[in-house]
Every structure is written in C-alpha cells, then in structure tokens.
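Here the structure comes first, spelled out in structure tokens, and everything after it is commentary.
Proteins get letters first, then strands, A, B, ... in listed order; numbering begins at 1 in each. All values below come from the heavy atoms of this structure, side chains included, with hydrogens, waters and symmetry mates left out.
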Amino acid sequence: MAPAAPSTVSSPTPRSATAEPILSVNNIEVVYDDVILVLRGVSLDVPEGEVVTLLGPNGAGKTTTLKAISGLLRTENGAVTRGEIRFMGENIANMSPEQIVRKGIFQVMEGRRIVEDMTVVENLRLGAFTRRDGGSAIKRDLEMVLDYFPRLRERTGLAGYLSGGEQQMLAIGRAMMARPKLILLDEPSMGLAPLLVKEVFTIIRTLNRELGMTTLLVEQNAKMALGAASYGYIMESGKVVMDGTQSDLLGNEDVKEFYLGGGGEHRKSFKNLKSYKRRKRWL
Amino acid sequence: MDLFFQLLINGIIVGTLYGVVAMCFVLIYKSTQVVNFAQGEFLLIGAWICWTILVQFEVPFVFGFLITLAFMAALGIFIQMVVLRPMIGEPIISVIMVTIGLSIFMRAFSNWMFGQSAVGFPDVFGMNAVNIGGLRVEPAYLMSFVVSLFIMGGFFYFFKYSRYGLAMRATAFNQQVAQSLGISVKQVFAMAWAISAMVSALAGVVVGMVNGVSSALSFIGIKVFPAVILGGLDSIIGAVVGGLIVGVLENMAEYVDGQFLYWGNMLTIAPFWVLIIILVVKPYGLFGTKDIERV
C-alpha cells in the first residue's frame, strides 16, 4: 500500500507553484539502444531560482533523467520516446546537447569530468564556449568564479592534478561560466571526504542564494541534498515515487527510514529488529 | 665542413616543414582519433591545384594561393563529412584502411589529372639563392622556414587561447565532455580536417617551389610518419620536435653516407631506423601523453 503523507506521485506533480516552472518534465519515457526501457513516466518541475533535488538508489534513473534534460542521452544511444521536456515554454526533448547548452541548461556530469590536461583557467574559459557576449564579460565572470573558489586561484598546474574537491569546484565553476539558466548537478558529493561534501553543498546553497542559480541536484546523500533543496523528488526503478517540500520529506517516516538513516521509535532497540517486517522500498 | 653546415641548415629547414606537416597529422589524430595516411596527398593535391591556378589560369600568386587554401579547406571538410563521418565508431583498423584507400585514390587521381612528370613552379619570389654565412639557401626554403615558424606560432596561439582551439582540445580529451559544454563535435572534426588540409597544402606549395610538383610530393607524408611517432602521436610540440629531428637526421645521414660510408640512399632509410628504435625504447614517443593518474 502507498505510504501516507505527503503524496504518492505517478501523475504530473500537483505543486502549488506560484509561477510557471522554468523546467517542467512531463511524463517522459527513455529508451536506450531502442529496447531498454529505463524511465517509465517521470515528471518533475523546477521553479526558477530554486534548488530541487532528485533522490533515489543506484539505478533508479536519476542520471538518465538529467541526461534526458541536457540531451547527453544521445551520446549514449538513448532517446526520449514519450512525454515532453519543457524549458521556458519550449519542448527540448531530443534536441542536441549543443542546442540545449545554448538555451541555458548546463549539466555538471557525474565524476566531475573536467578536462584533465588543461589548466584551471582554460577549463573555466571552456565553460564560456557558447557565450557570445564578448571577452570582457567572460573575463569578469572568470574573476567572479575565482572569487567564489579562492583555492582554485592558487592552482596553476594541470587540472588533472587537483584534489577531488577542487575538481568538483572547478566543474561547478565551469558551469557558472556558461551563465546557464539552469544547472544540472549530478552527484557532486561522489568520492569526496565528508568535510568536502559539506563545503560543496555550502557552495551550492551560496550560489543559489547570491546568484539565484536554479539547480536540479541529483544525489545519493539525501541528508545533504535535502539540506540544500527546497523541494525533492524520490525516484525508484525509473519512476518518481514520492515528492514533497524539504520539510515534508525530512519529516516523512519512510524517507527517514530509507534514506536518512534511523527511523521510527521502534528502531531504537536491536531486540525489535527481528520483528521489523516493513518493506524497504516503495516499489 | 662547409657541406656539413649546408646539410645541417637544409635539415633544419626541411625539418620545420616536416614539423608543420606532422602538426597537421597530429591535429587530425588528436581531435578525431583518425590516423590519416593521406596526409602526404594533401600536399600533393594542394601543390597541383596551386600550380594549375598559377600556370594555367595565370592568376597572381597571392590570389592563387588564397584560392588554393579555400579549395583545400573545402576538400578537407568534404572528406571528413563524406568519407570519415560514416566511419565513426568503426574499428580503428577499418578507419586506417579507409585513409590508405583515400591516399591511393588521391595519388592516382592527381596522376591522371596532372600527369606524372615533375613540373616547375613559376618563380614567384624572383630571387636567386641567398647567401647565409657562405651557405646557399633557396629563397623558397627561407620563405618556408619563416612561414613554418609563423604557422607553429599560430598553432600554439590557437590551441592555448582561442575558443575553438580549447574546444578542439576538449573534444580530444573526451567527446561527451565536449558536448556537455555545448561544443559541436561534428563542427570540431570538420574544422580539424579543414585546417590540416590547408596547412598541408601550404607545405606542398613550398616544397613544390623548390623541387617542382610531382607525385613524389606525397612521400613527404611517409617521411612525416616517423616524425610523428618520434614526437608522440598526440603532441603538437612533439610533432615539431620530431619533424626537426627527422629533417636534421636525414641530412646528417646523407653527410655521413656521402663522406664515409658510400652506401647510398641512407637519406631515405635513416628516419625509419629511428622510428623502429623509438618504438622499441619509448612507445609513447618523446612527448606523447600518458594518462594523468592521481594517487
């Protein structure tokens, strides 16, 4: 049976959005290699100026959802076969990644993926590849990004030799250089020490607060992600199974149980563990 | 001793030219992962086209040269789109076979179109060989030396500072990453071939001015191969250094052979001996990249 509050979702999200969301994914289905069905009707909304997070276990389809939005699906022989992805009122499903970057969506891929044999500054300038507003504006932004990440300023060698945390900051900085309207962040905490994870999430919050950066954040680390996001979606086996505001999700017993560690009162004692027979997943 | 220095100068000048062609080769390999065995034929076709425009249509050199460059850029893009784009994702050996086929086709085509005998270029610079410290240097070679240095500088600037140069390096690093940055990989591929064909044609014209235009021009493509391997397949600087080394080595072999050994034809085989030794000792070449590994 469906868990109680806040809401179980299989249809487009009933959000009390104040304005039209900047990105609205509508019941999309994604197929790899023409046969492998990965997403089975995913819907989600990202309102402008907010951080929305997409949580879920491995293989749920979180990254695929991001790639469907950014168009990178194509590079892996995948395609959106049903539904639509509306970005600022336009259906961008199955457009090429170049087109989508130009429209203002920038994906920071899982595992940083900075260009290792380039310097920090070259990587940052690469982020501004699609911009047409002239060298001085780009230079200004370069300074701004380096102000946000002062430790990158000191690194003059090749980016491949940066630490994991610095590489993640560089990847986020590179995205900022494109001045996107929406950033898709895929597991920024991957492979980082807990302290660095904290730092990265502080940056995400700061960028959102100070620059109004709209972010769709995919995470395994639910606690961190919900700390930064105002709204969250939970995915399992290619479907959104639940969504709610930050406080709804943080307060929800199932979410606590599955993602945040710990749970209801009855978990306090190990003696009761044996009788614990609740299902572990929604699906 | 004069002969020694003469050959040394020759070696350096020819070496820079090899370096330029090797850079073109590396450019294609680095950004599109295609080993282009038809590189030498770009020189051949470029030189013939330029010769035709200059001699048959009697166009002034500057315009004729620019038309040649435009034509070669178009040819490069055409080959990339029609011949190599369908080969994306095919095994490397198939791609190599296709470029070998391309080279045979282009050589045969130019033999058919322009004949096999060498023809002289019109004397563009109208100068006799200049004297540098008592050594004879052909003005065209001197010109080619300057132009080569200029091109090398241009390549350096392009890859270090220009938007598209960075895009090419990103594409060479990882195509998916490049696409996620909004770079059109197709565009980058086409551009790499266009630049490579253009610059190769330039080298072809220069060599043609000195030695005359004939099918022998395409052998430069084969000479360039040891230079590229020596420098490391994916290093632009390596290509320049490799070109210089091969050029000088060739002429030194000539010197040693002509003075002491009398074996004959050392000039042609010396670079390939080096190629073999390099492959045994340093398979990545002098500057070839090994992946960055953080420990």
Side-chain angles (χ1 to χ4, degrees), chain A residues 66-67 70-77 96-119 121-132 134-135 138 157-164 166-167 171 174-175 177-180 183-184 186 191, chain B residues 26-27 29-33 85-86 88-90 155-192 231-239 284-285 287-295:
Chain A
L66 286 197
K67 283 184 175 156
S70 69
L72 286 175
L73 211 55
R74 258 189 187 202
T75 64
E76 294 171 352
N77 207 9
S96 75
E98 303 97 84
Q99 278 173 300
I100 292 174
V101 172
R102 278 170 211 280
K103 291 195 184 305
I105 299 181
F106 200 104
Q107 178 171 1
V108 178
M109 281 192 284
E110 193 174 345
R112 280 87 72 169
R113 307 294 286 273
I114 53 161
V115 182
E116 289 174 357
D117 48 14
M118 284 189 189
T119 63
V121 172
E122 284 172 337
N123 263 289
L124 290 176
R125 284 181 38 222
L126 204 49
F129 178 77
T130 50
R131 279 174 62 174
R132 298 259 173 230
I138 291 174
L158 293 183
Y161 294 113
L162 295 178
S163 75
E166 287 164 347
Q167 290 190 0
R174 186 172 67 179
M177 287 299 291
R179 284 209 165 267
I183 287 190
L184 310 174
D186 199 352
Chain B
V26 169
L27 177 64
Y29 178 74
K30 214 172 142 77
S31 49
T32 70
Q33 255 85 57
R85 194 166 288 175
I88 291 175
E90 299 294 327
F155 264 68
F156 177 79
Y157 179 86
F158 178 73
F159 281 110
K160 193 82 188 146
Y161 298 107
S162 83
R163 228 170 117 242
Y164 276 98
L166 288 177
M168 261 187 195
R169 281 165 69 195
T171 309
F173 174 73
N174 185 305
Q175 292 176 16
Q176 196 185 31
V177 169
Q179 279 175 295
S180 83
L181 299 170
I183 295 164
S184 162
V185 171
K186 280 180 190 165
Q187 215 178 10
V188 165
F189 281 14
M191 201 161 53
L233 258 181
D234 55 358
S235 165
I236 298 274
I237 298 168
Y284 284 107
F287 296 90
T289 40
K290 294 161 207 127
D291 291 331
I292 290 175
E293 204 76 62
R294 284 191 311 129
V295 189

Partner set under salt bridge (charged side-chain N to carboxylate O under 4.0 Å, His left out) for A:E166, not counting sequence neighbours: A:R151, A:R155
Residue A:Q99 versus chain B: region with a heavy atom under 4.5 Å: neither
Region of A:R113 in contact with chain B, defined by heavy-atom distances below 4.5 Å: both
Chain B interface, residue from A:V108, A:T75, A:T119 that has the most non-hydrogen pairs under 4.5 Å: A:T75
B:A172: side-chain contact (heavy atoms from CB on, under 4.5 Å) partners, not counting sequence neighbours: B:K30
Residue pairs fulfilling side chain to side chain donor-acceptor pair (under 3.5 Å) with at least one residue in residues 157-167 of chain B, sequence neighbours excluded: A:E122-B:K160
A:E110 side chain to A:D186 backbone, donor-acceptor under 3.5 Å: no
B:R169 vs A:V115 side-chain heavy atoms within contact, under 4.5 Å: no
Contact check, side chains of A:R102 and A:R132, non-hydrogen atoms, under 4.5 Å: yes
Chain B contact via A:I105 - side chain, backbone, both or neither, heavy atoms under 4.5 Å: neither
Interchain contact, A:F129 with chain B, by part (heavy-atom threshold 4.5 Å): both
Flag if over 12 foreign heavy atoms under 6.0 Å of CZ, B:F158: yes
Most contacts with chain B, counted as non-hydrogen pairs under 4.5 angstrom, among A:M177, A:Q107, A:M109: A:M109
Contact listing (chain A partner; residues 173-183 of chain B; heavy atom under 4.5 Å): B:F173, B:N174, B:Q176, B:V177, B:Q179, B:S180, B:L181, B:G182, B:I183
Contact summary for B:F159 and B:G165, nearest pair of heavy atoms: CD2-O, 3.7 Å
Any donor-acceptor pair under 3.5 Å from A:R74 side chain to A:P97 backbone: no
